[in-house]
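Single-structure report; data block below.
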Amino acid sequence: MAAGKGTRMKSQHPKVLHRLGGRPLLQHVLDAAAGLGAARTIVITGHGADAVEASLSGSGAACVRQMPQLGTGHAIQQVLPLLPDDDSTVLILNGDVPLIREGTARALAAACGGHELALLTIELDDPAGYGRIVRLADGSVRGIVEHKDATPLQREIAEVYTGIMAAPAKALKRWVSALKNDNAQREYYLTDIVAMAVAERVPVVAETVADETEVLGVNSPLQLADLERRFQRRQADSLMEAGVRLADPARFDLRGTLRCGQDVDIDVGCVFEGDVTLGDNVRIGAHCVIRDARIAAGAVIHPFTHIEGASVGPGALVGPYARLRPGAELGPEVHVGNFVEIKNSTLGAGAKANHLAYLGDATVGARVNYGAGSITANYDGANKHRTVIEDDVHVGSNCVLVAPVTLGAGATIGGGSTIARPAPAGQLTVARAKQVSLPTWTRPVKAKKG
Ligand code: UD1
Ligand code: MG
């Protein structure tokens with residue numbers, strides 16, 4: 001169910017498309033459902049239906065629109081024509097309850113088994129607002145009463161309905177078709193089917209979930225941030241259980257997938273996005289942002305480094321304050337220091353660019369030393385060109401390499417040179433004005449007034 005408005009988000013965007021751990025809320029729910037091997041997945045859309053449906057393209061889920069939104073029972077009424085007339089199990093999940101675990105959903109579906117009505121419930125210290133599970137003296141479930149319709153005595157019930165249930169398809173169709181909206185909110189309550197099942201002597205089972213995080217909903221930015229932290233803690237815990245050392249699991253953010261080798265250390269405040277792989281013994285300093293990257297064994301990424309779409313070779317040292325942009329490929333033992341930017345360039349084994357430099361569209365050989373303040377002028381205003389720096393080249397400080405240009409193996413480029421033509425291998429090439437000194441020159445002195 002993903003048709004609701006999400007008024008309290010105070011956002012122009014549909015609630016279920018707000019992101020948790022980098023993925024839309026609805027995507028979390030679909031991912032949990034995907035592992036269950038459902039014959040079909042149907043998303044009920046309404047508010048922001050165009051955007052929600054666009055986000056689902058390629059997911060294999062079918063969409064059904066609910067216009068207008070007259071309650072959870074009315075939402076399910078929209079999908080009845082798509083449901084089979086048999087004892088299949090229909091699992092109903094909420095698009096804004098993202099952290100339900102696959103195992104919990106599987107257990108609930110199994111409890112239904114196509115014959116019983118299975119409700120996921122939880123005991124809350126503060127059950128206000130939720131539908132209460134009303135039981136008979138023998139403990140059997142009699143029904144759900146919504147908070148707004150509950151008597152003061154019923155409001156004291158701590159066990160609440162989480163919004164997640166599994167029902168037999170044929171019976172669900174019968175019950176939902178018969179729903180009425182004679183209640184406090186003039187809505188069609190899906191929860192009214194519980195009393196119908198009881199009346200038909202269909203067994204109703206209530207499965208209690210222990211971890212409230214699984215059933216917390218997102219209604220406001222506050223709750224979204226709270227769930228984000230819980231989600232991040234879950235991810236941090238599973239990484240630590242696998243041996244990754246996080247300096248502080250409360251200051252760790254993973255918005256995608258992170259694969260780690262053995263003895264990986266991650267300092268505080270790092271953000272990992274997309275698909276990131278860290279090899280054995282990798283160390284990540286504080287406050288790095290790393291997206292879609294491979295960092296090989298033994299590499300050290302110093303604090304405040306930004307890496308995107310790049311690979312770092314074994315034993316390389318990067319940062320602090322380095323920026324590796326898409327297509328940066330650093331070989332083994334490469335050193336990239338502070339305020340160095342590298343884009344679409346390969347650096348051979350042992351190459352070094354330690355300070356304040358730019359390498360764009362460059363092929364850099366092994367053991368090259370690239371001086372402070374040097375840059376590749378790779379863009380002529382219309383096209384990008386390559387710079388080739390062969391093995392063992394030494395580029396002095398503050399050089400401009402005007403691409404396309406090649407520096408031959410073992411060449412040395414004098415500091416401050418602008419190099420627009422090939423530099424021969426093994427030679428010193430200098431391209432700057434000759435230094436002059438004027439022995440007779442005197443400093444101007446200030447003119448005397450009056
Ligand atoms: C619902 C339950 C309540 C339960 C609570 C758990 C009903 C009547 N009540 O209440 O017992 O304790 O969830 O969080 O079901 N939706 C639609 N179309 C609609 C209305 C809602 O698709 O017309 C979707 C919403 O987008 C949301 C879900 O259904 O994903 C739940 O709707 P919501 O309005 O939050 O129900 P509650 O009043 O919280
Ligand atoms: Mg709700």
Side-chain angles (χ1 to χ4, degrees), residues 1-9 11 13-18 20 24-30 32-33 42-49 51-53 63-80 91-100 117 119-124 126-134 141-150 154-155 157-165 167 172 175-176 179-196 204 206 208-209 212-220 223-224 227:
M1 296 194 290
K5 186 164 182 196
T7 313
R8 281 173 285 164
M9 288 301 292
S11 166
H13 307 288
K15 176 162 79 175
V16 293
L17 294 188
H18 286 283
L20 182 93
L25 297 174
L26 179 56
Q27 193 58 50
H28 284 266
V29 180
L30 291 173
I42 305 164
V43 177
I44 303 164
T45 61
H47 271 281
V52 175
E53 288 167 15
C63 293
V64 170
R65 287 200 184 190
Q66 182 201 12
M67 299 283 196
Q69 293 84 38
L70 305 177
T72 52
H74 180 252
I76 299 301
Q77 281 173 0
Q78 314 310 306
V79 304
L80 297 185
L91 178 67
I92 299 174
L93 300 164
N94 280 356
D96 61 354
V97 179
L99 297 185
I100 180 80
L117 180 58
L119 309 171
L120 191 64
T121 69
I122 189 167
E123 298 222 356
L124 294 180
D126 177 14
Y130 287 90
R132 308 298 206 286
I133 306 295
V134 180
V141 176
R142 196 187 76 201
I144 297 176
V145 57
E146 291 304 309
H147 180 88
K148 285 187 178 153
D149 302 281
Q154 287 170 327
R155 286 186 182 183
I157 299 172
E159 189 187 9
V160 305
Y161 173 54
T162 61
I164 296 168
M165 68 165 72
L172 182 71
W175 298 330
V176 169
L179 286 174
K180 302 218 161 55
N181 66 346
D182 48 359
N183 52 54
Q185 304 186 80
R186 294 258 145 246
E187 279 184 11
Y188 295 89
Y189 290 163
L190 177 61
T191 43
D192 285 349
I193 70 170
V194 178
M196 296 180 184
V204 177
T208 311
V209 62
E212 66 164 5
T213 301
E214 287 197 56
V215 294
L216 287 177
V218 173
N219 298 296
S220 67
Q223 290 174 336
L224 181 60
L227 273 202

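Counting starts at 1 for both ligands and their atoms, following the listed order. Computed from a predicted structure; not experimentally measured. Throughout, residue positions are numbered sequentially from 1 according to the sequence presented.
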>> With side-chain hydrogen bond (donor to acceptor under 3.5 Å, both in side chains) as the test, pick out the partner of Gln69 among Lys5, Glu187, Gln78, His47.
In response: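 So, applying the side-chain hydrogen bond (donor to acceptor under 3.5 Å, both in side chains) to Gln69 and each of Lys5, Glu187, Gln78, His47, only His47 qualifies.
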> Tyr189 and side-chain hydrogen bond (donor to acceptor under 3.5 Å, both in side chains): which partner among Asp182, Asn181, Asp149, Thr72?
Replying inline: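 Only one of Asp182, Asn181, Asp149, Thr72 forms a side-chain hydrogen bond (donor to acceptor under 3.5 Å, both in side chains) with Tyr189, namely Asp149.
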Part of [X] with heavy atoms under 4.0 Å of ligand 1, whether side chain, backbone, both or neither:
| X | answer |
| --- | --- |
| Asn219 | neither |
| Ala3 | both |
| Glu187 | neither |
| Leu70 | backbone |

Which of the numbered atoms in ligand 1 are below 4.0 angstrom from a heavy atom of [X]?
| X | value |
| --- | --- |
| Thr72 | 7 (C), 8 (C), 15 (O), 20 (C), 21 (C), 29 (O), 31 (C), 32 (O) |
| Tyr189 | 8 (C) |
| Asn94 | 28 (C), 30 (O), 31 (C) |
| Gly4 | 17 (C), 22 (O), 25 (C), 26 (O) |
| Tyr130 | 6 (C), 12 (O), 14 (O) |
| Gly131 | 3 (C), 4 (C), 11 (O), 12 (O) |

What about [X]: any of its N or O atoms under 3.5 Å from an N or O on ligand 1?
| X | value |
| --- | --- |
| Ile144 | no |
| Thr191 | no |
| Leu190 | no |

Could you establish whether [X] and ligand 1 come within less than 4.0 Å of each other, counting only heavy atoms on the residue side?
| X | result |
| --- | --- |
| His74 | no |
| Gly71 | yes |
| Val160 | no |
| Ile44 | no |

>> Testing the 3.5 Å rule here: is there a donor-acceptor pair between the side chains of Glu146 and Thr191?
In response: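 Indeed, the side chains of Glu146 and Thr191 share at least one donor-acceptor pair under 3.5 Å.
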> atom 6 (C) of ligand 1: which of Ile193, Asp192, Thr162 has the nearest heavy atom?
Replying inline: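 Among Ile193, Asp192, Thr162, the closest heavy atom to atom 6 (C) of ligand 1 belongs to Thr162.
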> Is it true that a side-chain atom of Arg132 and a backbone atom of Tyr130 form a donor plus acceptor pair closer than 3.5 Å?
Replying inline: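 Pair found, side chain donor or acceptor close to backbone of Tyr130.
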If you compare all heavy atoms of [X] against all heavy atoms of [Y], which two are closest, and at what distance to 0.1 Å?
| X | Y | result |
| --- | --- | --- |
| Val194 | Gly143 | CG1-CA, 3.6 Å |
| Pro98 | Leu25 | CG-CD2, 3.8 Å |
| Gln223 | Val218 | OE1-C, 3.7 Å |

> CG of Leu179 to CG of Leu190: how many Å apart, nearest 0.5 Å?
Replying inline: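 Those atoms lie 7.0 Å apart.
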> Rounded to the nearest 0.5 Å, how far does CD of Glu159 lie from OG1 of Thr121?
Replying inline: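 Separation between the atoms: 3.5 Å.
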>> Among Val52, Thr45, Asp96, which residue satisfies the side-chain contact (heavy atoms from CB on, under 4.5 Å) criterion with Pro14?
In response: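 It is Val52; the other options fail the test.
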>> Any heavy-atom pair between the side chains of Leu20 and Leu99 that's under 4.5 Å?
In response: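 Side chain of Leu99 against side chain of Leu20, heavy atoms only: contact under 4.5 Å found.
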